[in-house]
Structure formats: C-alpha cells, structure tokens
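Whatever order the structure lists them in is the order used to number ligands and atoms, beginning at 1.
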Amino acid sequence: MKCKRCRGKAEVQLRHHNCAFCRACFIVFFQRQVQRAIEKERMFTPEERVLVAVSGGKDSLALWDVLIDLGYQTTGVHLDLGIGSYSHISTEKTEAFVQQRGQRLLTVRLDDEGAAVPTMTAFTRRPACAACGTAKRHYFDRVAIEQGFPVLATGHNLDDEAARLMGNVMRWRVDHLAKQSPVLEATHARFVRKVKPLFRVSEYETAVYAFFRGIDYIVDECPNSVGATQLLYKDALNRLEAAMPGTKLSFVQEFLRAGRPAFTVATVDPPQTCERCGMPSFGAVCSFCSLRSEVQAKQASKRATLG
Ligand code: AMP
Ligand code: ZN
C-alpha cells in the first residue's frame with residue numbers, strides 16, 4: 001500500500017478516510033486535521049495563551065505536542081488526583097514530557113486541597129467519577145481564571161465525543177445535547193472557553209501519532225473507569241465503525257451540523273458567586289466547595305468517634 005501524499009511505503013491505513021500514509025506524511029496529516037479544527041471552529045488564535053489540560057495519557061500529550069509544533073502559546077495544567085499508582089505514573093509521564101520539551105506546567109495536588117478522589121468517595125456517597133469530574137471542572141476554570149488564560153484545551157478525541165453523544169442520545173438528555181460541542185464559549189466572567197481540538201481524530205489515530213512522535217504516556221486506564229458505561233458505548237461504536245468505516249465521524253459531524261440546533265435551549269448561568277472560592281455558583285456555596293466541606297465534616301466526625 002502506498003502513501004497518499006508521497007507515494008512511498010505506507011505505514012498506517014485509515015479506512016474511514018479511505019487512504020494510507022507513511023510515517024512523516026501521517027504526522028503532517030494529523031497536525032493539519034487539528035489545525036483545521038482549531039481554525040474552522042474558531043477555538044483560539046496564535047495570539048491567545050492556551051491552557052492545556054494534561055493527564056499524562058496519550059490524547060492530552062499528543063494534543064500538547066501538536067500545539068507546540070504548530071507554534072501556539074501553551075502552558076500545561078495537571079491535576080494529581082491522588083488515585084494511587086495510577087496518579088503517580090500520570091504525574092511522572094506529564095513531568096517527563098515537560099522536561100523534554102522545556103514547557104511550563106502548573107500542577108494541583110488534590111490531596112493538598114483536601115480533595116483527593118479516594119478521600120471524596122470514602123467520605124461522601126458520590127461515585128468516584130462524579131466527584132472527580134466536579135473537581136476537574138472546578139480547578140480547570142479556577143487555574144485558567146487566576147492565571148489569566150482565556151481558553152482551556154482538553155484531549156477529548158472523536159471516540160470520546162461519539163461515546164458521549166451516544167450516551168446523551170440513549171437517555172435523551174436534551175440539556176446535555178444542547179451543550180455538546182467542540183467549543184463552549186465562556187458564559188460567565190469566571191468561566192473560560194473550553195475547546196477540544198482533537199474532536200475529529202480517532203483514538204486510533206491519536207495512538208499512532210503518539211507512537212510515531214515517541215511520546216511516552218500512561219497506558220493504563222483509570223482504575224475507577226472499569227465497567228463505565230462510556231466504555232460500553234465505545235465498544236458498540238467500534239463494532240459499527242468496523243462494519244461501516246466513517247460511522248463515528250459522521251455521527252458526530254452530522255450531529256453538530258444538523259442535530260444540535262434542534263436541541264438548543266436557553267442555558268442558565270450560575271447566578272451567584274461561591275462565598276468560599278469565588279467561583280460561579282447556583283447557591284451560596286459552589287458544588288465543589290460543598291462536596292469538600294461534606295468530606296471535612298465527615299472526616300472530623302470520624303476523628304471524634306475514634307478519639
Ligand atoms: P478523561 O475524562 O479522563 O477521558 O480525560 C479527558 C481530558 O481531560 C484529557 O484528555 C485531558 O485533557 C483532561 N484531563 C483528564 N484528567 C486530567 C488530569 N488529571 N489533569 C489534567 N487534565 C486532565
Ligand atoms: Zn466554591
């Protein structure tokens with residue numbers, strides 16, 4: 001099989017694009033796909049400083065690699081979630097990338113904030129992924145605002161977006177469907193724009209890119225994600241994709257073009273400011289701070305019982 005661009009020997013075949021590439025041309029193709037998504041969806045400009053959320057996984061490290069190569073102004077933000085050796089390795093891989101590429105990284109250790117994921121789940125009834133999601137949303141916005149970044153980029157890829165779309169459709173979560181987009185504008189002075197520059201490239205393409213670029217990433221999935229419904233949807237979509245190449249891309253693209261406008265509902269912004277952390281909130285205290293104070297209260301009462 002020959003490379004579509006240079007006619008040399010192809011190393012990767014992309015059935016959904018009906019073509020194949022050699023190593024060097026695939027890298028160019030991948031980076032162009034990302035650049036096109038950034039420009040077409042007006043995610044950010046070369047003049048804007050971009051905060052990149054890096055977990056140490058292949059997607060976010062590949063994203064950061066592309067943005068550096070394309071000449072965008074980036075800084076990384078990493079949350080050490082405190083999930084045992086999984087978090088340990090994630091942080092190590094992120095820091096190794098930063099060292100190698102001479103980049104700037106902001107790290108938040110949730111344990112230092114009294115909000116390590118295992119602590120939040122042990123002391124509240126919240127499922128791990130819900131608590132973790134609340135903490136991520138809180139710190140991504142907060143770090144971006146405090147450090148003056150107008151935009152936050154995450155490594156969500158086509159498979160993530162297709163699985164999320166399937167989940168939202170399965171339950172007809174119309175409010176979620178209205179907001180599912182590769183670009184979410186800041187709707188509040190203390191929120192920042194959220195963008196997903198990898199939304200058109202598949203998990204497979206991202207893995208190939210990371211491999212070709214020699215990026216060392218954490219291969220393990222989060223131990224809490226075992227059995228997550230998101231993985232079931234990904235599996236179902238992969239089976240559809242194998243039988244009908246291009247299914248995932250058209251599912252997401254056509255949703256954005258034709259489906260989403262039908263779901264547009266007026267979004268309600270948090271009307272208040274959290275009295276503890278100053279972030280937007282629906283009540284006197286935001287959902288993250290109330291989760292954290294629930295943890296603190298339970299920890300204190302446990303200590304009192306033991307002491
Ligand atoms: P996930 O929800 O784990 O699939 O991750 C989706 C995206 O969120 C990743 O591509 C990253 O951009 C970001 N992300 C996830 N976990 C972290 C973390 N611990 N620190 C920083 N960013 C993260
Ligand atoms: Zn708060």
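The single protein non-hydrogen atom nearest to atom 21 (C) of ligand 1 is Val54 O, 3.2 Å, given as residue, atom name and distance. Among protein heavy atoms, the minimum distance from atom 5 (O) of ligand 1 is reached at His156 NE2, 4.4 Å. The protein non-hydrogen atom at the shortest distance from atom 17 (C) of ligand 1 is Ser55 CB, 3.4 Å. From the protein, the heavy atom lying nearest to atom 1 (P) of ligand 1 is Lys136 NZ, 4.5 Å. For atom 9 (C) of ligand 1, the nearest protein heavy atom (residue, atom name, distance) is Gly155 N, 3.9 Å. Remark: minimum distance from atom 20 (N) of ligand 1 to any protein heavy atom is reached at Leu79 N, 3.0 Å.
Looking at Glu241, its side chain does come within 3.5 Å of a backbone N or O of Gly246 through a donor-acceptor pair. Counting only distance, with no hydrogens or angles, the side chain of Glu113 and the backbone of Asp111 share no donor-acceptor pair below 3.5 Å. Checking side-chain atoms of Ser87 against main-chain N and O of Gly84 turns up no donor-acceptor pair under 3.5 Å.
Remark: ligand 1 atoms within the under-4.0 Å shell around heavy atoms of Phe140 are 21 (C), 22 (N), 23 (C). For ligand 1, the atoms lying closer than 4.0 Å to a non-hydrogen atom of Thr154 are 12 (O). Listed by number with element, the atoms of ligand 1 under 4.0 angstrom from any heavy atom of Ser60 are 10 (O), 11 (C), 12 (O). For ligand 1 and Val77, the ligand atoms under 4.0 Å from any heavy atom of the residue are 21 (C).
Neither the backbone nor the side chain of Asp80 has a heavy atom within less than 4.0 Å of ligand 1.
Note: an N/O pair closer than 3.5 Å links Ala53 and ligand 1 by distance alone.
Aromatic pair Phe30/Phe212: centroids not less than 6.0 angstrom apart.
Under a 4.0 Å N-O distance rule, the pair Glu294/Arg126 qualifies as a salt bridge. Between Lys234 and Asp159 there is no salt bridge, since no side-chain nitrogen of the basic residue lies less than 4.0 Å from a carboxylate oxygen of the acidic one.
Both tests hold for Arg49 against Phe149: distance to the six-membered ring centre under 6.0 Å, angle to the ring axis within 45°.
Contact annotation: the side chain of Tyr72 never approaches that of Val66 to less than 4.5 Å [non-hydrogen atoms, C-beta and beyond].
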